[in-house]
Amino acid sequence: MIAAGAFRIRTVMGTIRVRFAPSPTGLLHVGNARTALYNWLFARHHGGKFILRIEDTDVDRSEVRHEAQLMEDLRWMGMDWDEGPGVFGPHAPYRQSERLGIYREHTDRLLTEGKAYRCFCTTEELEGERAQAMAEHRPQVYSGRCRALGAEESARRAAAGEAFAVRLKIPDHPLRFHDLVRGDVEFPQETVSDPILVRSSGMPVYNYVVTVDDALMEITHVIRGDDHISNTPKQVAIYEAFGWNVPEFAHLSTILGSDRERLSKRHGATSIASFREMGILPEALVNYLALLGWGAEGGTREIFPLEELVDAFKLERVTASPAVFDFEKLNWMNRHYLRECDADRLAELAWPYFVQAGWLPEQDAAAADVRAWFERLLAIFVPSVDLLDQVPGKARFVFDFDPLRARDEEENAALLASENAQKVLAAFAAKVRAHAEPVDAAQFKAWMNEVKAETGVKGKELFHPVRIALTGSHSGPEFDKLVPLFEEGSALALPKHVLSVRERVEKFLAE
RNA sequence: GGCGCUAUGGUGUAAUUGGUUAACACGCCGCCCUCUCAAGGCGGAGAGUUCGGGUUCGAUCCCCGAUAGCGCUACCA
């Protein structure tokens, strides 16, 4: 292989046109999303066109809802397309199921030109050939028996109603193509079989339609998963048969799980929808995915907002080796963007999780003061989470204060058992009860100093009992943030009343 | 079995394309901050570049071979 850096992108020949061609058979997977992203980045970087084409020739497994979800996921990540379903384009339609007539015409052309032929072989015969080849340690290729059939005989048998598939005649020379990430790839011609173009059922096969579409849609660069490398020589032969220009290819490596197996649901969340649901920010996912298989020149920068990705992205710098998906690093990336996210958007995004917990009203039904209060709550809890869906867990005690459970917890019980803890609690409670107004952070701080002076207890022994009495836990955010949150929250009309400092103390002491 | 692709710390990527103490990030460990847990800041350990040959004054980088992982090998996509 030649170093990939030696290649130049051929921009001079005209506008770059790339496509993302998913099958709407399920949720969009990170691997495919990354393929889409690299296509999109490449197109945007060069001012080219990004085309979305739906590969729905597998009628049984394709569903419209998946197609809709797919498009939503792409948009969520920030990608748009210049041509595709629902968008006007010069090469419509963009769903393969609507292009069947086009494929048929092309097959007829190949047949009449003698580039393809009818194959009447049965499945059993083919299986026999395969077994034989395997036993003889030979490549498993079709013998080409029907290739020798005369035109009249072929036509006669077809007319007589005999079932046939259409096969392409593989040319008599090695098939090679240029890959922007791997260099030149060549397949000896004796290892590539005459591929079936059209099944005996009349349905064209994937490798065929994909090629016809790419050519007709004037795709200049085919960027896709490396599981297609072995298919490429067949596709190259199809281009040749039609006399079409062969595009450039870029085969992206596989995304692996931590066990170096292909990433799948078995490894955890893999669909874009599930990442969104758990509270991954789109910019974090996109940035992470961009780095998984690509590195900027120099390689020391990690944080790339989408616009800067467009600028920095070079297809020649895409890595050829498979990459392990690292959830930890994605989390780190998400923390980074969470920190940068402004309060308003954060509230917008985190809100549904709190509605689901039964703690907040629907967002559009919420008063402005509730909104403002919630934004402050988020400012306290978001910095300590990886994902947005973890925030309710962190903030649970704000809405759902359970003294009994807190007392039962082993470490808490030990902390509470000491004489000092009891003294502290008694002194603290006395101050709270003697004070009718809402408490502010300064007041609270003063109390703690007084309690310290009165009891002679300080440090952890001083704070832990109070913390348990107020939050149910011996650890958590700083009091000067929590106290105002409790006090102001208690004044709000919420589905679940937020207890004030005083209410917390009373409830804790009562149980 | 055949063909193809790949190979730098645990993970993702760098390395002026033959000359570096092999860099950065995640993770890990430690310290600081602090009532506490996180977060954050600072620092540290961790690879001599899969292995074996070669070319060269000198190889992560070039050549050959091996090994391993993965993919394709369908009238799946």
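Numbers restart at 1 for each chain; the letters A, B, ... are given by sequence-line order, proteins then strands. Note that the structure is a prediction, hence the values are computed from the model and not measured.
Note on A/Arg339: only backbone sugar-phosphate atoms sit closer than 4.0 angstrom, heavy atoms only; bases stay farther off. Within 4.0 Å (heavy atoms only), A/His228 reaches at least one base atom of the nucleic acid. Counting any heavy atom pair closer than 4.0 Å across all strands shown, A/Asn331 reaches no nucleic acid atom. At a threshold of 4.0 angstrom between heavy atoms, the contacts of A/Val185 are confined to the sugar-phosphate backbone, with no base atom among them. Among the protein residues, A/Phe479 comes within range of the nucleic acid bases, having at least one heavy atom under 4.0 Å from a base atom. Using a 4.0 Å heavy-atom distance criterion, A/Leu291 is classed as a sugar-phosphate-only contact. Nucleic acid contact for A/Gly225: none, since no nucleic acid atom lies under 4.0 Å from a heavy atom of the residue. Here A/Asn231 lies in heavy-atom contact (under 4.0 Å) with a base. At the heavy-atom level, A/Glu136 lies nowhere under 4.0 Å from the strands shown. No contact: A/Thr123 has no heavy atom under 4.0 Å from any strand. Within the 4.0 angstrom heavy-atom criterion, only backbone atoms of the sugar-phosphate kind lie near A/Ser321; the bases stay farther away. Contacts of A/Glu302 with the nucleic acid, taken as non-hydrogen atoms under 4.0 Å apart, include base atoms. Nucleic acid contact class of A/His137 (heavy atoms, under 4.0 Å, all strands): sugar-phosphate only.
With C1' as the reference atom, B/C61 and B/A15 are 10 Å apart, rounded to whole Å. Only the C1' atoms considered, B/C51 is 26 Å distant from B/A45, to the nearest whole Å. Of the C1' atoms belonging to B/C62 and B/U13, the separation is 23 Å, rounded to the nearest Å. Taking atom P in both B/C26 and B/G65, one finds a spacing of 41 Å when rounded to whole Å. Separation of the C1' atoms belonging to B/A47 and B/A38 is 32 Å when rounded to the nearest angstrom. Here the separation of B/G19 from B/A59, taken at their C1' atoms, is 9 Å to the nearest Å. Spacing of C1' atoms, B/C28 relative to B/U20, comes out at 26 Å, to the nearest Å. Distance check on atom P: B/U49 versus B/A7 gives 15 Å, rounded to whole Å.
The base of B/G71 is paired with the side chain of A/Ser230 by a donor and an acceptor separated by under 3.5 Å. Looking at A/Thr254, its side chain has no donor and acceptor atom pair within 3.5 Å of the base of B/C70. If you check distances only, the side chain of A/Glu186 never reaches the base of B/G4 with a donor-acceptor pair under 3.5 Å. A/Arg182 contributes no side-chain N or O that forms a donor-acceptor pair with the base of B/C5 under 3.5 Å.
Glycosidic torsion of B/U17 falls within 90° of 0, placing the base in syn. Glycosidic conformation at B/G27 (O4'-C1'-N9-C4 for purines, O4'-C1'-N1-C2 for pyrimidines): anti, more than 90° from 0.
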Apply the test ring pair (Phe, Tyr, Trp, His ring centres under 6.0 Å) to residues A/His221 and A/Phe42: give CA-CA distance (whole Å), side-chain angles for both, the deciding distance (0.1 Å), then the verdict. CA-CA 9 Å; A/His221 301 260; A/Phe42 181 67; 4.9 Å; yes
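Distances from the side chain of A/Thr191 to the nucleotides B/C72, B/U36, B/G2 place B/G2 closest. With B/C3, B/C26, B/C75 as the choices, the nucleotide that has an atom nearest any side-chain atom of A/Leu126 turns out to be B/C75. Taking the side chain of A/Pro383 as heavy atoms from C-beta on, and the options B/A39, B/C35, B/A77, the nearest nucleotide is B/A39. Comparing B/U13, B/G27, B/U36 by their nearest atom to the side chain of A/Ala323 picks out B/U13. The side chain of A/Ile229 approaches B/G4 more closely than any other nucleotide in the set B/C35, B/U11, B/G4. The side chain of A/Arg467 has B/U36 as its nearest neighbour among B/G40, B/G2, B/U36. Which of B/A15, B/A77, B/G4 sits closest to the side chain of A/Arg317 comes down to B/A15.
Ring pair A/Phe20/A/Tyr38: centre-to-centre distance not below 6.0 Å.
For the pair A/Arg467 and A/Phe479, the cation sits on the ring face: its NZ or CZ lies under 6.0 Å from the ring centre, inside 45° of the axis. With A/Tyr288 as the aromatic partner, A/Arg34 does not meet the cation-pi criteria of under 6.0 angstrom to the ring centre and within 45 degrees of the ring axis. The cationic atom of A/Arg167 (NZ for Lys, CZ for Arg) lies less than 6.0 Å from the six-membered ring centre of A/Tyr142 and within 45° of the ring axis.
No side-chain heavy atom of A/Phe187 sits less than 4.5 Å from a side-chain heavy atom of A/Thr232.
Of the side-chain N and O atoms in A/Arg61, none sit less than 4.0 angstrom from OP1 or OP2 of B/A77. In terms of phosphate contacts, A/Arg260 brings a side-chain nitrogen or oxygen within less than 4.0 Å of OP1 or OP2 of B/G12. Taking 4.0 angstrom as the limit, A/Gln140 places a side-chain polar atom (N or O) nearer than this to OP1 or OP2 of B/A74. Under 4.0 angstrom from either OP1 or OP2 of B/A74 there lies at least one side-chain N or O belonging to A/Arg130.
If you take CZ of A/Phe463 and C1' of B/C37, they are 15 Å apart, rounded to a whole angstrom.
Residues A/Lys234 and A/Leu168 come closest through the heavy atom pair O-CD2, 4.4 Å.
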